[in-house]
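Excluded from the calculations below are hydrogen atoms, water molecules and symmetry mates; all remaining heavy atoms, backbone and side chain alike, are included.
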Amino acid sequence: MSMNRRDFLKGAGVIGAAGALGTMMAGCAPTQSNSPEKAGDTTDGALTAESVIDKGTWSFEVAPEPITDFAETISAEVVVVGSGMAGMCCAVSAAEEGLDVIVVSAGTTAISRGGSNQAIGTKYQKEMGIDYSPKDALEHVKIEQLAGYYCMDKMKWSRWLKHSGESMDWMIEKMTSKGLKVNLEPPYTDPDGTLAAPPSVHNFWNDENPLGVFQGAPLCAKTYADIFENDLGKKIYFKNRAVQLVRDDDNTGRVSAVICRREDGSYAKYEASKAVVLATGDFSKDRDMMAKYAPYAYEMFKDKLEFGDENVDFDAGMNYSGLMPGDGQKMGLWIGAAWQKVYPNPCAINGGVAGPAHAVIDNFWGINLNKNGKRFQNENTNFAFGAMSLLNQPESTGYGIWDSAYATTQEEWETLGCSYGNVTPQKPLTPEELVAGWDANVEEGTYFKADTLEELIDQLDGLDKENALASIERYNAYAEQGYDEEYQVNPDILFPISTPPFYGAKTVGSTFLCVMGGLRTNENLQICEEDDTPIEGLYCVGTMIGDFFAGTYNFGLPGQNLGACCCTLPYLLGKDLAAL
């Protein structure tokens, strides 16, 4: 793998930029209530919080009465619930194998979020001169599994690794047949090597939507829908929100149907002779589910997430106030499915400390201070791990400080827009261009600038001046001697803060993307009961696959959720269902 970042920027089209952390943070809105509530049965059948608090039952655990009045019954071999990337990928794969497939969706269109698709050993990589196989990926995979305290389901990972190249080749053929273009994100470097990410992230884009990192997934979901409806002649039933599963023999047999509430309030029953595949996304819009299954994230973000059905937008793109209400997870629990084994559920949280980043997933590598003026981590990390450190600081607040000479630490800044603000440069930036960008951010009020460190710190609201100056003095001494006595930052990126003018940025909190996982899922994507027995006829794909991730979704293998959970595993499930 001899290609560097500049090689990828040449002739690769417009590669998706991700300098939008400021936009992400602005998208977080305040929550509407203060604490999780529970609901349950009283003796007369009414629901009260008090009765269930005594029982220890959460509101989402209370199954509704079975729906038996249907305006319409529609039958197929496979019913996919959800028209996101994973659901549509599975639907196209199964339909290509000759199965009678229908899709039901609560939204009005096929939609997905993001755009980075991790894949290993693809034809496109070989065309780009990259020889990268699952064997080559071992070190990166092992680091990721260790970061998840080795608790995730390695059998699912094995299936992904084995079929990753095959499934991405299939996806590329589908996307390019409809006019989308493909490229690879540049490899991410780490001076220590630990968090380096190889060139294995595939993006899809077109001239109207060139930012593959952010805009690629919606394009792909819509392309799958086009293929499903127009090329394969199948039907997507939009504005059909799944509300109940039908499990035969008093919830002991196979799942044979899903019931949807339609726009007019009537119900339709969608029967599946082979499988119901749940692809309904995460549960971050449900307060109780977050409080029970992701308590750390709930406590950190409960004032930013917007809970409740009234705040659900099933056509939402990149949304940082919570995504979906956990419909699939709830329906599964109501008919006897078990929750995943990994606890708590991991979340995709990122942001880190603001400052000139070297790559889209980097934390700011210069000095990171908390409001007490103290350094709090080895700054050489990515924006997911940096965010976790930041959240644990006083008032979840951090400050990045650097000098004008920081721009000259690289001849070119090939950061796809991350080096300053919410911009998308079409070529690597020179140091002069980078400084001009910093100054533009000062004008916008997102960066601060002063001729002395004292004056700069006075502008950084809340920062302890005396401790900050002392921390910077020690930091400069470490840079001069080439050894960081506090955090052992690699000396190659240890630069003194001594050349005026000086710059700084303040970061409060981090960005919440989604919560991962849910129902217990085996390596074949069958949803299981408490004793791990698969529930016949019930599967899931996408973000809701249980036990694929653990700890935090840390972007160490960027685009792994889309590449594995929303591409490879749904692609395989489509073929598996045809072989039943």
| message | For a side chain to side chain donor-acceptor pair (under 3.5 Å) check, start with the C-alpha distance between D248 and S256, then their side-chain angles and the critical distance, and finish with the verdict. | response | CA-CA 7 Å; D248 301 339; S256 59; 2.8 Å; yes
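- With a 4.5 Å cut-off on side-chain heavy atoms, E97 and L577 do not count as touching.
- Checked against L525 for a side-chain contact (heavy atoms from CB on, under 4.5 Å), the options L278, I545, V277 give a single hit: I545.
- Between F512 and F301, the ring center distance clears the sub-6.0 Å criterion.
- Looking only at distances, a side-chain donor or acceptor of R520 sits under 3.5 Å from a matching main-chain atom of E530.
- Contact of the V92 side chain with the K174 side chain is registered, since non-hydrogen atoms from C-beta on lie closer than 4.5 Å.
- Judged by distance alone, the side chains of T122 and D169 never bring a donor and an acceptor atom under 3.5 Å apart.
- Not less than 6.0 angstrom separates the ring centroid of Y298 from the ring centroid of Y296.
- A salt bridge does not link E77 to K274: none of the charged side-chain nitrogens sits closer than 4.0 Å to a carboxylate oxygen.
- Residues F548 and Y553 keep their aromatic ring centres 6.0 Å or farther apart.
- By the 6.0 Å and 45° rule, K235 stacks over the aromatic ring of Y237.
- Taking the six-membered ring for Trp and the full ring otherwise, the centers of W170 and Y124 sit at least 6.0 Å from each other.
- None of P325, S105, C260 except one satisfies the side-chain contact (heavy atoms from CB on, under 4.5 Å) rule with R241; the exception is P325.
- Under the 4.5 Å side-chain criterion, counting only non-hydrogen atoms from C-beta, M88 is in contact with F228.
- T568 has its side chain within reach of W160: a pair of non-hydrogen atoms, C-beta onward, lies under 4.5 Å apart.
- For D286 and S284, the side-chain atoms include no donor-acceptor pair closer than 3.5 Å.
- Remark: of the listed residues Y293, W339, F283, F307, Y293 is the sole one forming a ring pair (Phe, Tyr, Trp, His ring centres under 6.0 Å) with F60.
- The neighbour count for K154 NZ, taken as heavy atoms of other residues, nucleotides or ligands under 6.0 Å away, is above 12.
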| Step by step, would you call S266 with D264 a side chain to side chain donor-acceptor pair (under 3.5 Å)? | CA-CA 6 Å; S266 66; D264 63 4; 2.6 Å; yes
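- Residue pairs meeting the ring-ring contact (aromatic ring centres under 6.0 Å, His included) criterion with at least one partner in residues 513-533, sequence neighbours excluded, are absent.
- At a threshold of 4.5 Å between non-hydrogen side-chain atoms, the residues S200 and Q125 count as touching.
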